[in-house]
2 protein chains.
Amino acid sequence: MELKKPYLLFLGDAADALAAKVAQGIKTWRPEYCVGQFRLENCNADCGLSDMTIQEAVAAGAKTLVIGVANRGGIISDEWINILVEALEAGMDLASGLHNKLTDIPALVECAEKNGRSLFDVRYPTQAYPVANGKKRAGKRLLTVGTDCSVGKMYTSLAIEKEMHARGIDADFRATGQTGILISGNGVSADCVVADFISGAIETISPENKPDHWDVIEGQGSLFHASFAGVTTGLIHGSQADALVLCHEPTRQHMRGLPEYALPEIDVCMETNLATARLTNPDVQFVGVSVNTSALDEDAAMSYMARLEEQIGLPVIDPFRQGVGRIVDRLAALS
Amino acid sequence: MELKKPYLLFLGDAADALAAKVAQGIKTWRPEYCVGQFRLENCNADCGLSDMTIQEAVAAGAKTLVIGVANRGGIISDEWINILVEALEAGMDLASGLHNKLTDIPALVECAEKNGRSLFDVRYPTQAYPVANGKKRAGKRLLTVGTDCSVGKMYTSLAIEKEMHARGIDADFRATGQTGILISGNGVSADCVVADFISGAIETISPENKPDHWDVIEGQGSLFHASFAGVTTGLIHGSQADALVLCHEPTRQHMRGLPEYALPEIDVCMETNLATARLTNPDVQFVGVSVNTSALDEDAAMSYMARLEEQIGLPVIDPFRQGVGRIVDRLAALS
């Protein structure tokens, strides 16, 4: 699966900016993929792109309409469907990361077939992945792991890829979740793969490469999350990471969705991730910690990170406040 | 999903006894479920049950024909299909653990619909499982784990259930693979669940129970298997095991299917399983090691197990040679 670029970002009737965060992520990390945005009249989000009609977007070269909004109640409304049909007829593919599938809507399936267009429900794997073989493959790999779910693994991975590119390092972000897939145009939604093939899917999306090439693999879940640690384990093994970056949100009161479960201690979490990762790469090392300090003021954030850096002896940064330069600095020693 | 009992075991044209090992497993562990066996003329296996025609089996009360043979080349032959259609028309459901699905064969689907019968492809989950909630639930649970795949986890689990029943302990084997499901009539094939739901599936098949009831949960894979450890992790977390039994095959040269990967040391493997299991049950303990010594002669087997027992300080047994009584003895201390 590879989405055709460039994109028209569909913001639909987004209730607020947060509802359009997928579109915003694409605009932030891949502005070169975006020709414009499409908004319905009652849309309360704005990605700062030119508003375009379907015809204007096609004229500007758009190849895929990407649904960049979380729809309300999981229903894809008739109003949306009319626009999506217009996009298919005008020559665009459609891509969505929603739980509800485009391919379950007969009007879209028929229209896509008639016009030779494709519907991409990126959350759902369409290819069969092999069982992982665990064989060492050429190229370098960095994987983000987390104390919990939703602590900034995708953001950190994309920030590291961007910093690497700025330094002339050959690197590719490898998406493992639907938003990451829409941003980069390919990848696999690791938590939607059949359990036997988690590691094999990651081996597939991060294949053998040049010795000095870096894959920056988006992590998922946490080894300490009682619902999702199986996904995390398979992802770690399949990635054969040379470098790990721990992502953390310091104000979280308990594991996401699990009120009975406390977050792990940072040092215990790092040691557990290393022990798991060593199975497929005995030389794996942590190169830093990425903290989402958005819930702290500047002073509290900086002193939290200074204390943690003192404790663990590795760069501790907030990619949003300070960038990831100090983490990327450490990769030179591994290369 | 719950298969209707009793069963007619279909041995088909099994090339040898090994090809019919699923049928043999059902006969060994659930003889009370088996009214007879059905063999084609060129069948070279025999489970020691009465040979019956479809009509004789139905007259004897058979409710489900269970395909207890691994078919050649993955093809379900026309010769088989004629018999399966006859079984459906005579009033039986069909159940299969094969990779190829009964529900992909139009003749069977049509015949089942016409006759109000069910086709069970037990390898493939048909229900949606919830995301695990990690909440402590009443009842006791024992889980078999392994140094590798295919080291006797199902056999050990069934032997423990049988020993518990012999002692009047309220216990249920909980199947997590297709053979176990056909033996017990229910369960989930853990490695075929979508990755997000591994732990949730195990929580579902081992629900809250009476405080002194034991679920004996069949493990899958190994935390040290680079292809499948994600499944194992999710299974461990979902089971919330009070007691673990490690299963091991001492002559294995490398991890199954992975020539580059050595087997873990027993003590390292036990500590890693405990660390993983403690996330959802901090009180988890090992109660013994079950060794498949079939590749060793009696003297070598007994001295291997004596040495290992000396090293780890827990009962080390081969369930086939000695039974699992000494492992079940230790559960009293946990109850």
Side-chain angles (χ1 to χ4, degrees), chain A residues 123-125 129-136 149 176-177 188-203 220-238 240 254-262 264 268 271-272 275-281, chain B residues 123-125 129-136 149 176-177 188-203 220-238 240 254-262 264 268 271-272 275-281:
Chain A
R123 188 187 288 254
Y124 301 97
Y129 291 100
V131 166
N133 63 38
K135 287 186 201 296
K136 176 82 179 155
C149 303
T176 62
V188 66
S189 192
D191 49 15
C192 295
V193 171
V194 169
D196 247 359
F197 306 105
I198 310 169
S199 299
I202 304 305
E203 289 185 353
Q220 293 292 335
S222 165
L223 290 180
F224 290 84
H225 199 291
S227 312
F228 305 123
V231 175
T232 310
T233 300
L235 207 162
I236 290 173
H237 287 160
Q240 300 180 1
H254 58 74
M255 295 297 285
R256 190 170 165 87
L258 302 176
E260 290 90 351
Y261 286 82
V268 172
E271 191 43 57
T272 302
T276 301
R278 282 189 190 115
L279 181 71
T280 57
N281 188 346
Chain B
R123 187 186 289 254
Y124 301 97
Y129 291 100
V131 166
N133 63 37
K135 287 188 202 296
K136 176 83 180 153
C149 302
T176 63
V188 65
S189 192
D191 49 14
C192 294
V193 170
V194 168
D196 247 359
F197 305 105
I198 310 169
S199 300
I202 304 305
E203 289 185 352
Q220 293 293 334
S222 165
L223 291 180
F224 290 84
H225 198 291
S227 312
F228 305 124
V231 175
T232 310
T233 300
L235 207 161
I236 291 173
H237 287 161
Q240 300 179 0
H254 58 73
M255 295 296 286
R256 189 169 167 87
L258 301 176
E260 290 89 351
Y261 287 82
V268 172
E271 191 43 56
T272 302
T276 301
R278 282 188 191 116
L279 182 71
T280 57
N281 188 345

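Order of the sequence lines sets the chain letters (A, B, ...), proteins ahead of strands, with each chain counted from 1. Computed from a prediction, not measured in an experiment: that's the story for all the values here. Reckoned from all heavy atoms, side chains included, excluding hydrogens, waters and symmetry mates.
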Exercise for review: Name the region of B:Phe224, side chain, backbone, both or neither, that has any atom closer than 4.5 Å to a heavy atom of chain A.
Suggested key: both
Exercise for review: Kindly give the heavy-atom pair with the smallest separation between B:Tyr261 and A:Leu279, and that separation in Å.
Suggested key: CE2-O, 3.2 Å
**Study point:** A:Arg123: side chain to side chain donor-acceptor pair (under 3.5 Å) partners, not counting sequence neighbours
**Key:** none
**Study point:** Pick from B:Gly238, B:Pro130, B:Gly134 with the largest number of heavy-atom pairs that fall under 4.5 Å of chain A
**Key:** B:Gly134
Review point. Where is the tightest heavy-atom contact between B:Ala226 and A:Thr280, given as atom of each residue plus distance?
Key: CB-CG2, 3.7 Å
Side-chain atoms of residues 190-200 of chain A: list all donor-acceptor pairs with protein atoms under 3.5 Å, sequence neighbours left out, distances to 0.1 Å.
from, atom 1, to, atom 2, distance (Å)
A:Asp191, OD1, A:Ser189, OG, 3.3
A:Ser199, OG, A:Gly234, O, 2.9

Exercise for review: Indicate the atoms forming the closest heavy-atom contact of B:His237 with A:His225, along with that distance.
Suggested key: ND1-O, 4.4 Å
Practice item. Identify which part of B:Leu258 has an atom lying under 4.5 Å from any heavy atom of chain A, answering side chain, backbone, both or neither. Key: side chain
Exercise for review: Tell me, for A:Ile236 versus chain B, whether the close heavy atoms (under 4.5 Å) come from the side chain, the backbone, both or neither.
Suggested key: neither
